[in-house]
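Taking it in order: structure first as structure tokens, then the write-up.
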Amino acid sequence: MNYEKVERKIIEDHGAEKSTMMGSPCLRYQGRFFSMIFEKENALVLKLKEHRVNELVACGLGREFNFTKKRFKEWILIPNNEETKYEELMIEALNYAKGI
């Protein structure tokens, strides 16, 4: 499922809200960022637990997000060729934002 469809579903079903971050549209839950499309890389950026980011990088699903040449340990960049995993990963990021 593409980002826009997942975004709509999460907003409708889970109470997330649209916002912006670094000039790009993002999703937040009660003010906490958890997902955005990073247009510069044409990829999904998620905020997850550090150990989960490390797992996803190790298995080749994503890359560390280092927008400012500094590693953001809880952020991962998922290329758009992994779009079939967007819904699952965005729900995981939402749950992290919720503290679940």
Side-chain angles (χ1 to χ4, degrees):
M1 186 179 304
N2 71 25
Y3 182 83
E4 290 80 17
K5 288 180 182 178
V6 177
E7 178 185 65
R8 270 194 310 276
K9 184 176 180 180
I10 289 175
I11 289 169
E12 292 170 7
D13 296 349
H14 300 280
E17 59 236 10
K18 284 187 176 187
S19 186
T20 59
M21 184 170 183
M22 295 186 290
S24 295
C26 77
L27 287 178
R28 295 179 185 267
Y29 180 79
Q30 296 182 350
R32 293 184 208 101
F33 161 86
F34 67 91
S35 167
M36 78 172 185
I37 289 294
F38 188 54
E39 294 169 355
K40 184 176 181 179
E41 297 276 341
N42 194 22
L44 175 65
V45 173
L46 299 169
K47 185 171 184 181
L48 298 167
K49 292 179 181 178
E50 181 179 6
H51 74 86
R52 184 65 172 133
V53 169
N54 294 337
E55 288 173 358
L56 294 171
V57 169
C59 76
L61 185 64
R63 299 190 325 257
E64 292 177 353
F65 182 68
N66 56 4
F67 176 67
T68 61
K69 298 183 182 175
K70 171 188 164 200
R71 180 178 181 252
F72 290 79
K73 62 184 177 180
E74 293 183 315
W75 296 18
I76 188 163
L77 192 135
I78 308 291
N80 66 357
N81 65 334
E82 297 291 351
E83 195 173 61
T84 59
K85 296 181 176 64
Y86 279 9
E87 183 174 10
E88 173 188 344
L89 292 168
M90 288 171 69
I91 294 291
E92 183 178 346
L94 170 65
N95 286 336
Y96 182 46
K98 288 180 172 182
I100 298 174

Less than 4.5 Å apart, side chain to side chain, heavy atoms only: is that true for [X] and [Y]?
X	Y	answer
V6	N2	no
I91	H14	yes
Y3	L27	yes
F33	L46	no

Identify all side-chain donor-acceptor contacts of residues 77-84 below 3.5 Å with residues at least two apart in sequence or on another chain.
from: E82; atom 1: OE1; to: K85; atom 2: NZ; distance (Å): 3.4

Could you give all pairs that pass the salt bridge (Lys or Arg N to Asp or Glu O under 4.0 Å) test and reach [range], with sequence neighbours left out?
range	answer
residues 30-47	E41-R63, K47-E74
residues 13-23	E7-K18
residues 91-100	R52-E92

Item to check | Residues in ring-ring contact (aromatic ring centres under 6.0 Å, His included) contact with F38, at least two apart in sequence or another chain | outcome: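 Checked F38 against ring-ring contact (aromatic ring centres under 6.0 Å, His included); matches are F65, F67.
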Next on the checklist: Checking T20 now: which residues fulfil side-chain contact (heavy atoms from CB on, under 4.5 Å) with it, not counting sequence neighbours?
Outcome noted: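 In terms of side-chain contact (heavy atoms from CB on, under 4.5 Å), with neighbours along the sequence ignored, T20 is linked to no residue.
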Please name the pair of heavy atoms, one in [X] and one in [Y], separated by the smallest distance, quoted to 0.1 Å.
X	Y	value
Y86	L44	CD1-CD2, 3.5 Å
M36	P25	CB-O, 3.2 Å
S24	I37	CB-O, 3.6 Å

Checklist entry - For the atom pair CD (E55) and CG (L48), what is the distance rounded to the nearest 0.5 Å? => result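 Those atoms lie 10.0 Å apart.
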Next on the checklist: Nearest 0.5 Å, please: how far is OH in Y96 from CZ in F34?
Outcome noted: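 Separation between the atoms: 14.0 Å.
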